[in-house]
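Only a predicted model underlies this, so the values are computations on that prediction, with no experimental measurement involved. Proteins come first, then strands; the chains are lettered A, B, ... in the order of their sequence lines, and each starts at number 1.
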Amino acid sequence: MNWRSIWAIAQKDLKEVRQNKAAWGPAIVVPLIFAILMPAIMIIVPQVIPVEDVERELGDIDVMLQNMPPALSAIFNGKSLEQMFIIYMTAFMLAPLFLIMPLMFSTVVGSDSFVGERERKTMEALLYAPTSDLELFLGKVLAAVIPAILLSWMSYLVYIVVVNIASYPLFGNIWFPLAPWWPMMFWLTPALAVLGISATVLISSRVKTFMEAYQMSASLVVLVLGLVIGQVTGVLFLGVGTVMLIGLFVWLVDAFLIYLSVSRFNRSALIAKL
Amino acid sequence: MNTVIEVNALERIFGANRAVDGMTFHVEQGEVFGLLGPNGAGKTTTVRLLNGILPPSGGSTRVFGLDPASDGQRVRQKTGVLTETPALYERLSAYENLAFFATLAGIPDSTLKSRVMEILAFFGLHDRAKDKVETYSKGMKQRLALARALIHKPPLLFLDEPTSGLDPEAAQQVNALIADLSHQNGQTILLATHNLLEAQRLCDRVAVMNKGRILAMGSLKDLARKLWPVTWVDIIFWQAPAESLTGSLKAHRGVKQVTGQGEAWQVQVEGEDVIPQVVQHLAAQGASILKVNPRAYTLEDIYFALQAGEK
């Protein structure tokens, strides 16, 4: 295995993606919305609108917050209604939305790398290079997975800073992230990035353009929306155990999809589609 | 001479289509070998098979003694391929394009930059090294693609339609570069083309293909001799010779036919070696010869004769 070649392929793909506005556009806009705009609104609005209005509005959700799972109730213990609302919204309701990012980033870069290369008619020259099929595959997978994980982590970091700064007047201390966020960042996020790219590789064999691949891969976001709905309806609570279990399940799916992708990724199959 | 490429009864079938159908040929070290044929003749598929990009459906191939089907990566370390379209990364600079392929080819970091700049200078592109390839002209892109194929100094070069889509000036530049590579560097070259003039200028031997099969193979002279075993000679006289000379010439050994009248005759002889004797005979008979012109067959004549025979 020649890691120098693998890294060269990954670097080249990333340089190319940087030139593709359709690819990096979402990578800037989505973290801005999720990591800055949404938490700022969720935290600042309850602090600036009149107290009586807050109590009237929050009073309606008081019952809902009281009926949360025991793990969440323990976190709420001793907190004011405003604090409970902010914790609920920033630490739990927005959490699944963050899981969209590794999926989205890896499918965008993966689509550009696997399908875009074919669309731009540059694949043939690459196939004539003295690399193995596996090196080619790994180079392209790394090009998608590494930035997806790093961008997600950067978004988490920005989110942590924004949440703590914005809520400091109300909390008086640094309280975020809560425990479930650690496995979410370091266990589930990498698993979802790998899920995005492995699905994209499989999809890439059936589509002709970058946009087609991107749109099909992006349908994976439905999985994450399922988590959002699960949380809103109270069916699912993203505690440490749940996140670890979901992560394990995603890693197992990843292993299966990677196995399928590697077995289907070969020069003769790729050249047949040019 | 060492044999670089050996192909025996090579086959590649795509569904019902026999893209390569029992091809057998060899290419010697330092030779420029042409694969000629119309679109769909199987030229590009052959290049892919010889580089281990496609597995064969039958037959065997050896490139530098290696089987491309099982040892493709090692074969590709010794080959450079100019694809039909330049297939360059248009969003990257010329330097970045070459540095990427140089890395894949295993050129160490310590010499990579100097090698890239050296080859860019060789192809007259060093002044534009940092410009994005999308700003290049077609001719410059083709030269850059050729530079990419040569970046790791491969002993065997595959050129697939190297002047396709280029204007005459750019095509001439590329052809001159290919001629230099073969004459000065002793590079073995396999040229897949349907440009007959290009093949005639550059190739030592050619294989004329159609529908995945080789119709004929050899040097231009060999192929002409196979197709037309006799030679026609056009003779122009200063003054029309006596009619009786026609009969005496027909009786001469090696002369098959004499036609024409007045100052212009056409003489068919068994081989070029008979021509000096014919000239001697005519001069001895007092004929005032102005011009003797043995008809030379071009690759175009040969190609179309073979393709017509195939039809």
Report summary line: To the nearest 0.5 Å, atom CD of B:Gln73 lies from atom CG of A:Asn2 at 8.0 Å
Requested in this report: Measure the spacing between CZ of B:Arg76 and CZ of A:Arg267 and express it to the nearest 0.5 Å.
Outcome: 3.5 Å
Query raised in the report: Given the options A:Lys12, A:Glu135, A:Glu117, which has more heavy-atom pairs under 4.5 Å with chain B than any of the others?
Result: A:Lys12
Report task. Kindly indicate whether the side chain of A:Arg120, heavy atoms from C-beta on, has any atom under 4.5 Å from the side chain of B:Arg91. Result -> yes
Report summary line: chain A shares the most heavy-atom pairs under 4.5 Å, among B:Thr83, B:Asn51, B:Leu54, B:Ile53, with B:Ile53
**Report entry** Most chain B-contacting option - heavy-atom pairs closer than 4.5 Å, from A:Ser268, A:Gly139, A:Ala269
**Finding:** A:Ser268
Query - Minimum-distance pair of heavy atoms, taken over all atoms of A:Ala125 and B:Phe101 - result: O-CE2, 3.7 Å
Query raised in the report: Rounded to the nearest 0.5 Å, how far does CD of B:Glu90 lie from CD of A:Glu16?
Result: 9.5 Å
Query raised in the report: At their closest point, which heavy atom of B:Pro108 faces which heavy atom of A:Arg4, and how far apart are they?
Result: C-NH2, 3.7 Å
Report summary line: So, the part of B:Asp109 with a heavy atom under 4.5 Å from chain A: the answer is both
Query raised in the report: In terms of heavy-atom proximity below 4.5 Å to chain A, should B:Pro68 be classed as side chain, backbone, both, or neither?
Result: neither
Report summary line: So, the part of B:Leu104 with a heavy atom under 4.5 Å from chain A: the answer is both
Query raised in the report: Is it true that atom CZ of A:Phe249 has more than 12 heavy atoms of other residues, nucleotides or ligands lying nearer than 6.0 Å?
Result: no
Requested in this report: Go through the atoms of B:Glu96 and report whether side chain, backbone, both or neither lie under 4.5 Å from a heavy atom of chain A.
Outcome: side chain
Query raised in the report: Any side-chain heavy atom of B:Thr103 within less than 4.5 Å of one from A:Trp7?
Result: no
Query raised in the report: In terms of heavy-atom proximity below 4.5 Å to chain A, should B:Lys132 be classed as side chain, backbone, both, or neither?
Result: side chain
Query - Atom group of B:Val47 that falls short of 4.5 Å from chain A, counting heavy atoms - result: both
Query raised in the report: Would you call A:Leu126 and B:Tyr89 a side-chain contact if the rule is heavy atoms closer than 4.5 Å?
Result: yes
Query raised in the report: Tell me, do B:Phe100 and A:Ile9 make a side-chain contact under 4.5 Å, heavy atoms counted?
Result: yes
Query raised in the report: Is the OH atom of A:Tyr259 crowded by more than 12 outside heavy atoms at less than 6.0 Å?
Result: no
Query raised in the report: Given the options A:Leu127, A:Ile6, A:Thr131, which has more heavy-atom pairs under 4.5 Å with chain B than any of the others?
Result: A:Thr131
Report task. Kindly check if the number of other-residue, nucleotide or ligand heavy atoms within 6.0 Å of CZ (B:Arg74) is above 12? Result -> no
**Report entry** Proximal component of B:Arg48, with respect to chain A [non-hydrogen, under 4.5 Å]
**Finding:** both
